[in-house]
Protein chains: 2
Amino acid sequence: MAGHEILVGQIDPASDRAVFRQIADHLREAIEGGRLSPGDKLPSEAALMQHYNVARMTVRHAMQELQGEGLAVAEHGRGVFVRSRPPVKRLASDRFARRHRKEGKAAFIAESEVVGAKASVDMIDVREGSPLPEIAERLKVRADEAVVIRSRRYSLDGRPVELATSYIPADLALGTRIMDANPGPGGIYARLEEQGRTLDRFTEDVFTRMPTREEARLLLLAPGVPVFRLIRTAYDLDGRSVEVCDTIMSGDAYQLSYELPAH
Amino acid sequence: MAGHEILVGQIDPASDRAVFRQIADHLREAIEGGRLSPGDKLPSEAALMQHYNVARMTVRHAMQELQGEGLAVAEHGRGVFVRSRPPVKRLASDRFARRHRKEGKAAFIAESEVVGAKASVDMIDVREGSPLPEIAERLKVRADEAVVIRSRRYSLDGRPVELATSYIPADLALGTRIMDANPGPGGIYARLEEQGRTLDRFTEDVFTRMPTREEARLLLLAPGVPVFRLIRTAYDLDGRSVEVCDTIMSGDAYQLSYELPAH
DNA sequence: TGTTAGTAGTCGTCTGGACGAGTTGAGGAG
DNA sequence: CTCCTCAACTCGTCCAGACGACTACTAACA
């Protein structure tokens with residue numbers, strides 16, 4: 001066994017930096033310096049214990065630091081590996097161009113074609129219910145007013161990337177294909193425009209935070225990966241809110257792109 | 001000592017859910033259910049050890065889970081507290097309206113006035129150097145070409161919220177006030193327009209990830225708080241890139257707002 | 001009155017050990 | 001040759017204890 005040549009670091013006992021942080025530093029430098037590539041296996045806990053002559057908890061603490069930063073992922077029974085960054089996807093500003101709806105494409109499908117990925121949707125659920133206060137405010141309805149709630153999960157090439165929940169005022173949705181799991185070509189925006197609610201503009205409010213456990217589970221998120229929360233409000237030509245969409249997006253799968261005029 | 005009434009949970013030894021996760025679940029429910037409010041102190045490690053009859057490491061592990069989720073913050077020597085969400089700041093779409101520059105206001109200053117916060121800038125550094133490849137690509141310069149690099153830190157009411165680094169082609173910056181720590185009224189965009197490079201549009205690419213240690217230090221980020229990385233490119237009427245700004249923003253201090261036409 | 005030293009309570013770090021559970025690969029049974 | 005068993009290796013969880021450092025409060029002191 002030649003051992004791991006990447007383990008060149010030594011603990012500085014005189015340093016006031018905690019030992020587990022020094023170990024994490026060494027490994028982090030190995031990753032960022034390219035001596036360890038995405039997918040590579042880090043030295044096992046046992047190897048690090050021996051190399052640095054420390055207790056196992058100390059090594060584990062260092063490993064957890066790296067996992068918390070999203071640099072590494074542990075796999076039970078196999079080892080700890082350098083995280084590989086999947087290719088990012090791009091959200092164009094013309095995402096909601098009417099042209100796409102005219103072609104019968106929903107935004108997510110049109111977008112995924114650009115990057116050559118296979119888009120799919122599952123966990124579709126349509127029901128009536130009450131919106132959260134922050135949703136009700138944007139939709140300009142009372143919080144105790146019933147609205148139609150459409151939730152679904154989007155995946156690219158089988159990998160879940162986005163959880164979306166749309167809220168539509170009941171009078172615009174009831175009795176239309178918006179209540180169907182599959183709302184038809186062009187998605188629900190096409191159905192709204194068929195009712196004469198011509199879409200005029202959208203606002204998007206973007207937040208970032210760590211996922212809840214439920215979100216991490218549904219999006220198969222590795223530890224240390226934050227999510228985008230994007231709340232989009234769609235307005236028609238009369239300035240009425242016709243839909244609010246609350247979306248949780250895997251932070252490592254998305255890059256949001258916007259174009260702003262200097263006006 | 002009446003003890004903590006919030007500690008109603010008991011460990012289920014039959015459950016296959018790890019003990020430290022069960023403890024974290026109890027505390028999480030207490031926080032999310034409102035029995036513990038932002039700023040409240042969680043039971044001490046000693047209290048939890050006694051209540052659940054477990055070892056200290058088990059309790060600490062539970063606490064770290066909550067801190068990793070951003071729900072709680074430990075303060076050395078004081079206790080662990082429920083995180084209080086500071087008021088969010090809003091990035092309007094008219095952030096770069098020429099009107100603001102005409103009034104001699106830089107974007108950050110104009111914006112902070114809206115929320116009634118006192119804006120300040122420090123750690124200003126101006127130098128010449130080479131851009132990162134992803135910056136060079138946006139700026140349409142070679143990666144080995146010298147550009148002017150302006151970095152600074154923005155704070156609101158004394159709290160650091162944003163680290164920004166601007167890259168400007170050398171021929172547009174050298175010999176102008178852009179090289180000064182204080183570039184004058186209206187900021188560097190006003191200086192660029194004075195040279196006849198009228199700004200036409202901006203693109204913004206938004207990413208989210210966990211902060212590096214350096215970023216966490218400079219932004220005083222609590223554990224479990226992700227950051228936005230926003231790369232803005234400014235174009236003039238000729239379509240030339242006149243500036244690329246790479247910004248790291250505290251994820252819990254910002255809400256990004258965009259307006260999109262349906263065109 | 002104002003300051004200082006002490007003390008109790010709290011979290012941070014580290015040791016050394018124990019057992020459980022998932023993964024892998026080699027060697028043996030068929 | 002195929003399949004299965006099993007041992008070795010790996011990470012996950014938990015215990016019991018030790019010392020250090022920071023905070024807040026109190027009591028003694030100047």
Side-chain angles (χ1 to χ4, degrees), chain A residues 1 3-4 7 10-27 39-68 71-83 213 216 222-224, chain B residues 1 3-4 7 10-27 39-68 71-83 213 216 222-224:
Chain A
M1 290 257 235
H4 286 270
L7 292 178
Q10 292 294 329
I11 299 298
D12 173 9
S15 168
D16 58 355
R17 189 161 178 80
V19 173
F20 79 90
R21 291 191 198 282
Q22 294 187 45
I23 297 175
D25 291 345
H26 293 160
L27 295 172
D40 282 1
K41 187 172 173 302
L42 269 63
S44 72
E45 294 176 356
L48 289 169
M49 284 171 67
Q50 189 170 17
H51 178 82
Y52 290 110
N53 194 27
V54 294
R56 183 164 168 234
M57 284 305 298
T58 306
V59 168
R60 280 184 63 74
H61 208 157
M63 294 292 221
Q64 279 162 8
E65 175 130 318
L66 295 178
Q67 292 174 51
L71 285 175
V73 184
E75 295 185 29
H76 193 170
R78 301 214 322 126
V80 180
F81 299 85
V82 179
R83 263 264 301 284
R213 287 166 302 147
Chain B
M1 288 264 231
H4 287 270
L7 292 178
Q10 291 296 328
I11 299 299
D12 173 10
S15 168
D16 58 356
R17 188 161 179 79
V19 173
F20 80 89
R21 291 192 198 281
Q22 294 187 45
I23 296 175
D25 290 345
H26 292 161
L27 295 172
D40 283 1
K41 187 172 174 302
L42 269 63
S44 72
E45 293 176 355
L48 290 168
M49 285 170 67
Q50 189 169 19
H51 177 82
Y52 290 109
N53 194 28
V54 295
R56 182 161 170 238
M57 283 305 299
T58 306
V59 168
R60 279 185 64 75
H61 208 157
M63 294 291 221
Q64 278 162 9
E65 175 131 316
L66 295 178
Q67 292 173 51
L71 285 175
V73 184
E75 295 185 29
H76 194 170
R78 300 215 322 129
V80 181
F81 300 84
V82 179
R83 264 265 300 284
R213 288 164 303 146

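Numbers restart at 1 for each chain; the letters A, B, ... are given by sequence-line order, proteins then strands. Side-chain atoms are counted along with the backbone in the values below, which use heavy atoms only and exclude waters and symmetry mates.
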Atom CD of Glu65(B) and atom P of dC14(D) are separated, to the nearest Å, by 11 Å
Looking only at dT13(D), dC11(C), dC14(C), the nucleotide nearest the Val19(A) side chain is dC14(C)
Let me see the working for Leu27(B) and Leu48(B) under side-chain contact (heavy atoms from CB on, under 4.5 Å), right down to the final yes or no. CA-CA 10 Å; Leu27(B) 295 172; Leu48(B) 290 168; 4.2 Å; yes
Please examine the side chains of Val82(B) and Leu42(B), heavy atoms only from C-beta on, and report whether any two atoms are closer than 4.5 Å. yes
Nearest-Å distance, CZ (Arg60(B)) to C1' (dC11(C))? 6 Å
side-chain N/O Thr58(B) vs dT13(D) OP1/OP2, d < 4.0 Å: no
Find the distance Ile11(B):CD1 to dC14(D):P and express it as a whole number of Å. 9 Å
Can you tell me which residue among His26(A), Gln22(A), Gln10(A) is in a side-chain hydrogen bond (donor to acceptor under 3.5 Å, both in side chains) with Tyr52(A)? His26(A)
Can you tell me how far C1' of dA24(D) sits from CZ of Phe81(B), to the nearest Å? 11 Å
More than 12 heavy atoms from other groups under 6.0 Å of CD on Gln50(B): no
Answer yes or no: does atom CG of Asn53(B) have more than 12 heavy-atom neighbours from other residues, nucleotides or ligands under 6.0 Å? no
Nearest of dG16(C), dT13(C), dT13(D) to any side-chain atom of Ala55(A)? dG16(C)
Is there a donor on the side chain of Arg56(B) or the base of dG12(C) sitting less than 3.5 Å from an acceptor on the other? yes
If you restrict it to nitrogen or oxygen atoms, what contacts under 3.5 Å exist between nucleotides 7-10 of chain C and the protein, and what is each distance?
| residue | atom | partner | partner atom | Å |
| --- | --- | --- | --- | --- |
| dG9(C) | N2 | Gly77(B) | O | 3.1 |

Looking only at heavy atoms, which two atoms of Gly79(B) and Lys41(B) are closest? And how far apart? CA-CE, 4.0 Å
Separation between CE of Met49(B) and CD1 of Ile23(B), rounded to the nearest 0.5 Å: 10.5 Å
Which part of the nucleic acid does Arg17(A) contact within heavy-atom distance under 4.0 Å: base, sugar-phosphate only, or nothing? nothing
Glu75(A) CD to dG22(C) P, straight-line distance once rounded to whole Å: 14 Å
How close or far is atom P of dC15(D) from atom CE of Met57(B), stated in whole angstroms? 11 Å
Asn53(B) CG to dC14(D) C1', straight-line distance once rounded to whole Å: 13 Å
What is the distance, to the nearest angstrom, from the CG atom on Leu48(B) to the P atom on dC14(D)? 15 Å
